S.K.: 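The structure follows.
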Amino acid sequence: MISFSFRHVVRNLSTRRLYTTTSGVNSVIVPTHSIYLSTSTNPYFNLSLEDWLFRHAPQKEPLLLLYRDAPCVVIGRNQNPWKEVNLRTARAQGIPWVRRRSGGGTVYHDLGNTNFSIHVPRTSFDRGATAQVVLRAVRALGIDAHVNARNDLCVGGEKASGSAYKIVSGRAYHHGTMLISTRLETLGDLLRVGKETMITKGVASVRSPVCNLAQFSETVSHNTFVNAVVDSFKAEYGVNDEPCIVNDTDDLAQIGYIQHGMAELPSWDWAFGQTPEFEYTITKSFVWGNVTVHIHARHGIILSCTLQGLDSELGKALEGKRYGSVEDEVLGVDVSGKVADVWAWLKEEMSSYD
C-alpha cells in the first residue's frame, strides 16, 4: 500500500536552499496549503495528486505543485497514443506511457525533468502571467531564457519547457515540464513515430528542437530550479507559506479520489478508450501481391476495416474489437495462407505493446 506524510520545514544549506523533510506528525493530506513538493516519482500518483488538488483546493487561492517522475511518456487528454508514442521502443525500454487529464502535446518525463503546476482562480487566469513566474525563476538561475508565442520557455532557438492548461468551473491551471538534465536521446526515440497516414481528429503534438538547462549552467539542478520557482511564485502571489512536502507512504487508501485516479490512469478505458476518432491507411507488398488496409476507429474500438487485394472476412471480423488488442482466438475466421501473412503484419502495425 501507499500513503503520505507531510512536512513544512526548510533547511538552509549555505547559499543554496533545499526544501526537505524532517520528522513530523501530519499524515493526512489537506488541500489548503499554497505550495506542494512531491517526493514521489510515480506518475500515476503525481498526476492524481495534481487533479485532487485542482478539484479540492480553495478556488480563490493560488497553488503550486512541483514534482519529478520516473521515466515515462505523458500524452495529452485528446491525443492518440498510436500516433504520438513509439510503443515498440517504450516497451523495449520498459517505459510506460500515461494519458493526463489536460490537453496539449506529448512530453517525456524522467528524473532530469522537473514538472510544475500553477493553479489560480479562473477569473485571474493568464497564460502569459503564469509563464512569467517560471521565466523569472529560470533567469534567476543565470540562464538567458525567453517565452515564445506559445508560452513555451526557450533558450536560444530551442525549447526547454512545454506547457498545457486546464480550466474547470472556477479554477484553472498551467502546468509544464522543465528539461534540466533529461536524456534527450531517449526523448527523441520515444516520440519518433512516423505514422504519416494515420489521420486523427485529436490534438497533434508540435515537434520542436529541445535543450536542457544544464547546457547553459553548471550549477542548475532539480533543487535549484524548485527553490527558484517557489521564490518566484511567492513573490508573484504574495504567498508566505513554506512548502508542504508530500511523500507516497501507507495512508493513500484514506484518500479515495487519489486512489481512484491511480487506478483509472493505467486502465484500458482511460489510456486507450479515450482516444479520439482516427483513420489509418497502410499498404504492404507480399510475394503474392499488394494489400491496402483502411481502418476507422473511435475510442480505441475498430468501427470498420476494409482490405483491398485480399478476399477475406478478416476486416469484418475486426469490427467492434479493441484496436491493437485483438487475439487470434477471438477473430472467428480462418487465419491461414495469405490471410495469415496479412494478419501477422496487421497485428504488428496495430500493436499496443501492453
Side-chain angles (χ1 to χ4, degrees), residues 4 6 8 19 28-40 42-69 74 76-78 98-105 107 109 113-138 147 150-153 161-178 225-248 255 257-258 260-262 264-265:
F4 307 90
F6 306 90
H8 312 68
Y19 292 110
V28 179
I29 187 171
V30 290
T32 54
H33 299 284
S34 297
I35 304 170
Y36 293 83
L37 308 183
S38 173
T39 62
S40 172
N42 181 337
Y44 302 111
F45 168 74
N46 284 325
L47 289 171
S48 298
L49 171 67
E50 177 186 49
D51 190 57
W52 184 78
L53 291 170
F54 182 58
R55 304 282 182 170
H56 292 82
Q59 285 195 352
K60 295 183 179 180
E61 300 301 323
L63 182 147
L64 172 67
L65 168 66
L66 293 154
Y67 64 92
R68 290 188 294 179
D69 285 329
V74 182
R77 171 69 176 81
N78 301 305
V98 188
R99 183 188 299 277
R100 65 177 180 268
R101 294 181 172 89
S102 66
V107 292
H109 292 185
N113 167 76
T114 300
N115 304 290
F116 60 87
S117 186
I118 302 173
H119 303 201
V120 295
R122 181 174 184 171
T123 54
S124 61
F125 181 54
D126 183 315
R127 300 181 184 195
T130 48
Q132 288 297 315
V133 172
V134 182
L135 178 62
R136 285 193 293 271
V138 173
V147 173
R150 295 173 53 85
N151 288 312
D152 297 325
L153 189 142
S161 172
S163 297
Y165 312 90
K166 189 173 182 67
I167 300 175
V168 174
S169 188
R171 199 74 167 153
Y173 69 62
H174 168 185
H175 65 178
T177 57
M178 183 59 68
F225 175 70
V226 164
N227 294 336
V229 174
V230 167
D231 288 343
S232 182
F233 176 84
K234 286 183 173 182
E236 175 69 17
Y237 297 105
V239 171
N240 295 314
D241 295 353
E242 296 302 343
C244 174
I245 309 299
V246 182
N247 301 304
D248 49 349
I255 305 174
Y257 192 95
I258 295 178
H260 172 77
M262 292 182 67
E264 180 183 52
L265 289 175

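All values reported here derive from a predicted model rather than from experimental measurement.
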S.K.: At their closest point, which heavy atom of Pro31 faces which heavy atom of Pro58, and how far apart are they?
M.R.: O-CD, 3.3 Å
S.K.: Between Glu61 and Arg171, is the closest basic N to carboxylate O distance under 4.0 Å?
M.R.: no
S.K.: Keeping the roles fixed (side chain from Ser48, backbone from Tyr44), state whether a donor-acceptor pair exists under 3.5 Å.
M.R.: yes
S.K.: Quick one, Val120 with Tyr237, criterion side-chain contact (heavy atoms from CB on, under 4.5 Å). Give me CA distance, side-chain angles, the key distance, then yes/no.
M.R.: CA-CA 10 Å; Val120 295; Tyr237 297 105; 3.7 Å; yes
S.K.: Between Glu50 and Arg100 (salt bridge meaning N to carboxylate O under 4.0 Å), is one present in this structure?
M.R.: no
S.K.: If I take atom CG from residue Leu265 and atom CZ from residue Phe45, how far apart are they, to the nearest 0.5 angstrom?
M.R.: 12.5 Å
S.K.: With a 4.5 Å limit on heavy-atom distance, are the side chains of Val134 and Val147 in contact?
M.R.: no
S.K.: So, for Ala172 and Ile167, which heavy atoms are closest and what is the spacing to 0.1 Å?
M.R.: CB-CG1, 3.8 Å
S.K.: Do Met178 and Val229 make a side-chain contact, defined as non-hydrogen atoms from C-beta onward lying under 4.5 Å apart?
M.R.: no
S.K.: Less than 3.5 Å apart, any donor N or O on the side chain of Asp69 or Asn46 sitting next to an acceptor on the other?
M.R.: yes
S.K.: Please find the pair of heavy atoms, one from Val30 and one from Trp52, that lie closest to each other, and give the distance.
M.R.: C-CH2, 4.1 Å
S.K.: Answer yes or no: is there a donor N or O on one side and an acceptor on the other, between the side chain of Ser161 and the main chain of Asp152, under 3.5 Å?
M.R.: no
S.K.: If I take atom SG from residue Cys244 and atom CG from residue Leu37, how far apart are they, to the nearest 0.5 angstrom?
M.R.: 8.5 Å
S.K.: Could you grab the distance from atom CD1 of Ile258 to atom CG of Asp51, nearest 0.5 Å is fine?
M.R.: 9.5 Å
S.K.: About how many Å separate CZ of Arg68 and OG1 of Thr177, when rounded to the nearest 0.5 Å?
M.R.: 14.5 Å
S.K.: With side chain to side chain contact (heavy atoms under 4.5 Å, CB included) as the test, pick out the partner of Ile35 among Ile245, Val226, Val239.
M.R.: Val239
S.K.: Taking the side chain from Ser163 and the backbone from Gly176, do they hold a donor-acceptor pair closer than 3.5 Å?
M.R.: no
S.K.: Evaluate the side-chain contact (heavy atoms from CB on, under 4.5 Å) criterion for residues Val98 and His109: first the C-alpha distance (whole Å), next the side-chain angles of each, then the deciding distance (0.1 Å), finally the verdict.
M.R.: CA-CA 11 Å; Val98 188; His109 292 185; over 6 Å; no
S.K.: Could you go step by step and tell me if Tyr173 and Leu63 meet the side-chain contact (heavy atoms from CB on, under 4.5 Å) rule?
M.R.: CA-CA 9 Å; Tyr173 69 62; Leu63 182 147; over 6 Å; no
S.K.: Which value, rounded to the nearest 0.5 Å, describes the distance between His175 atom NE2 and Leu47 atom CG?
M.R.: 8.0 Å
S.K.: Would you check, one step at a time, whether the test side-chain contact (heavy atoms from CB on, under 4.5 Å) holds for Arg55 with Val168?
M.R.: CA-CA 9 Å; Arg55 304 282 182 170; Val168 174; 3.4 Å; yes
S.K.: What salt bridge (charged side-chain N to carboxylate O under 4.0 Å, His left out) pairs are there with at least one residue in residues 114-132, not counting sequence neighbours?
M.R.: none
S.K.: Among residues at least two apart in sequence or on other chains, which ones pass salt bridge (charged side-chain N to carboxylate O under 4.0 Å, His left out) with Arg77?
M.R.: none
S.K.: With heavy-atom distances below 4.5 Å as the criterion, would you say the side chains of Gln59 and Ser169 are in contact?
M.R.: yes
S.K.: Out of curiosity, Thr130 OG1 to Tyr165 OH, how far, rounded to the nearest 0.5 Å?
M.R.: 6.0 Å
